[in-house]
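This report concerns only the one structure given below.
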Protein chains: 2
Amino acid sequence: MKETKYKEIHNHLKGQIQQGNYQIGDYLPSENELCVRFSITRTTARKALDELAKESFIERQHGKGSRVKERRQSLGLLNVKGFSEAVGEDIKTLFLRKPAAGKWDSEIMLPVNDSDLNSICLYFERIRFVGNEPVMLEKNWFSGQVLPDFLCSEFIEGSFFKTLSKKYFIEIIGSSQELRAELACGKNAGLLKVKTGTPLLHISVKFSTSNSKLNIYSELYCVTSVYPVGNSYFI
Amino acid sequence: MKETKYKEIHNHLKGQIQQGNYQIGDYLPSENELCVRFSITRTTARKALDELAKESFIERQHGKGSRVKERRQSLGLLNVKGFSEAVGEDIKTLFLRKPAAGKWDSEIMLPVNDSDLNSICLYFERIRFVGNEPVMLEKNWFSGQVLPDFLCSEFIEGSFFKTLSKKYFIEIIGSSQELRAELACGKNAGLLKVKTGTPLLHISVKFSTSNSKLNIYSELYCVTSVYPVGNSYFI
DNA sequence: TAGTGGTCTAGACCACGGT
DNA sequence: CCGTGGTCTAGACCACTAG
């Protein structure tokens, strides 16, 4: 498995940013400078920088350069932050199923890419608690194709997204979502310790990542009576 | 103002897809074919196709081609787009109350700014239909302070946000939201023509605008059984 | 094996921003 | 003016898919 040149440059620069060698507002080396420093052509340098821009680490400014941006946290609804950073209280996580081989379930509401359907499906499922109250049932599917050793590893700081970023250098670059209000079926009601027929907020999300072979499909069932699902978005 | 070549190709292909000349599952011309047909190089052809992929009109398949994807339509969550631009179908709007003086109701779930509380409150309320099905009950409160003549004017293209933008040059710059799944109370059930006890998605939004004196508070009640509320966000 | 997309080279001209 | 990023050409080799 050989890494491409542009990914090498891309990861190098991303690492520099994450380590703080380039601060917010700083300018990265220009395309031409990267060409010299890494013995590549502009096409390759551009590709590396374009990827960084797509992941919103930098902002390209015509005539000026590539400036390190503040990374926006909110991604549509549930954020990149995910649950662990979103609730300021005492939260716990219980794995109902640790990451393992699964199947592309029909429970996934958003259309699954063909390329995903043709590859191995990994799955995990957990319940999130605030205090001792279960507030969210979370089911996640994704292609195992691009995540070697995923099954063996623990999550970094309990966060799936952090693990993707720090261990595999994969960033979330977008999401689409569908929201439904539903009545809890017996099974979900049991898991969330509510009565059957309690209204649940059902969130279907498909996350796109900087690795085009990795999409993450999630189905979330939330008890919203005490803790509504919130988010904010600012330009 | 000259259009770039890749944008020209990109728009041409997008038009073909939108007009149905390429159906879902069809393959677009290969990169090499585009090169010949439009007298361009592969770099340019690729750029056009990459843009289409980024907009999720197509899926790139190594060794096969560029396949037209399904783009699911659903009710756009009021991020900035608003309802009228989000749904591609036959939508109608019925005003239950045209914009008029109102009061800062306790139904508003998100905290109202003090400066708003101290100024005149305008209010309007409408029901959104897809076809003949009511799908959303929408209640809006905002300060009338900065919108002279607002009561007299019609909405531009039926859109509140467009009216703000084109007539008053005010843009939405942010929002916070809370989501709840609730059971329809008698009144809302009646308006939305569902049974009491049907689960409704209750969205509370507070929009901030480019005019710091204007905040918009909305309470939305959505029937999600047929048209889930959707949104997507890409960096 | 032929055709496809993915990566890369080595150039070129242009539009933009600041000096 | 120079350096920046944006577009584009004309090639090349590779990896993947399918017959």
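In what follows, every heavy atom counts, from backbone to side chain, and hydrogens, waters and symmetry copies are set aside. Just so it is clear, the model here is predicted, and its values are computed rather than measured. Naming: A, B, ... by sequence-line order, numbering from 1 per chain.
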Item to check | Side-chain N or O of Thr4(A) closer than 4.0 Å to phosphate OP1/OP2 of dG6(C) | outcome: no
Checklist outcome for this item: Picking from dT9(D), dG5(C), dT9(C), the nucleotide nearest the side-chain atoms of Lys5(A) would be dT9(C)
Item to check | Gln16(A) CD: over 12 foreign heavy atoms closer than 6.0 Å | outcome: yes
Next on the checklist: side-chain hydrogen bond (donor to acceptor under 3.5 Å, both in side chains) for Glu55(A) and His10(A)? Distances and angles first, verdict last.
Outcome noted: CA-CA 11 Å; Glu55(A) 296 168 10; His10(A) 169 259; 3.2 Å; yes
Item to check | Separation of atom CZ in Phe38(B) from atom P in dT9(D), rounded to whole Å | outcome: 13 Å
Checklist outcome for this item: When Phe161(A), Trp141(A), Tyr217(A) are each screened for ring-ring contact (aromatic ring centres under 6.0 Å, His included) with Phe207(A), the one that passes is Phe161(A)
Next on the checklist: Rounding to an integer number of Å, can you tell me how far Asp50(B) CG sits from dG6(D) C1'?
Outcome noted: 15 Å
Checklist outcome for this item: With both pairing distances under 3.5 angstrom for Watson-Crick or G-U wobble, and | for a partner in another strand, the correct string for DNA chain D is ||||||||||||||||||.
Checklist entry - With nearest nucleotides of DNA chain C determined for Gln61(B) and Ser39(A) from heavy-atom distances, which residue corresponds to the more 5′ nucleotide? => result Gln61(B)
Next on the checklist: I'd like to check the ring-ring contact (aromatic ring centres under 6.0 Å, His included) partners of Tyr22(B); sequence neighbours left out, ordered by chain and number.
Outcome noted: none
Item to check | By side-chain hydrogen bond (donor to acceptor under 3.5 Å, both in side chains) - contacts of Tyr123(A) (at least two apart) | outcome: Glu125(A)
Next on the checklist: I'd like to know if the side chain of Asn211(A) and the backbone of Lys213(A) have a donor-acceptor N/O pair within less than 3.5 Å.
Outcome noted: yes
Checklist entry - Taking CG from Asn32(B) and P from dT9(D), how many angstroms apart are they, rounded to a whole number? => result 14 Å
Checklist entry - If you look at every strand shown and take non-hydrogen atoms under 4.0 Å, does Ser30(B) touch a base, only sugar-phosphate, or nothing? => result sugar-phosphate
Item to check | Minimum-distance nucleotide (side-chain atoms of Tyr6(B) versus dT7(D), dG5(D), dA10(C)) | outcome: dT7(D)
Checklist entry - Does the side chain of Ser66(B) get closer than 4.0 angstrom to OP1 or OP2 of dT4(C) through an N or O atom? => result no
Next on the checklist: Centre-to-centre under 6.0 Å for Phe38(B) and His12(B), is that the case here?
Outcome noted: yes
Checklist entry - Partners of Ser218(A) by side-chain hydrogen bond (donor to acceptor under 3.5 Å, both in side chains), sequence neighbours excluded? => result Asn140(A)
Item to check | Distance, rounded to the nearest Å, where Ile58(A) contributes CD1 and dT4(D) contributes C1' | outcome: 13 Å
Checklist entry - Just how far, in rounded Å, is C1' of dT7(D) from NE2 of His10(B)? => result 16 Å
Checklist entry - Quick one: Arg46(A) CZ to dG6(C) P, roughly how many Å, whole number? => result 18 Å
Checklist entry - To the nearest Å, how far apart are Glu3(A) CD and dA15(D) C1'? => result 17 Å
Checklist entry - Which letter, B, S or -, goes with each nucleotide of nucleotides 11-19 of chain C from 5' to 3', with contact meaning a protein heavy atom under 4.0 Å? => result -B--BBSS-
Checklist entry - Can you list the residues that meet the ring-ring contact (aromatic ring centres under 6.0 Å, His included) rule with Phe142(A), with sequence neighbours excluded? => result Phe150(A), Phe160(A)
Checklist entry - Please walk me through it: do Arg126(B) and Thr93(B) pass side-chain hydrogen bond (donor to acceptor under 3.5 Å, both in side chains)? => result CA-CA 7 Å; Arg126(B) 27 185 198 179; Thr93(B) 301; 5.1 Å; no
Checklist entry - How close or far is atom P of dT7(D) from atom CG of Leu49(B), stated in whole angstroms? => result 16 Å
Checklist entry - For the side chain of Ile40(B), counting heavy atoms from C-beta on, which of dG6(C), dT9(D), dT7(C) is nearest? => result dT9(D)
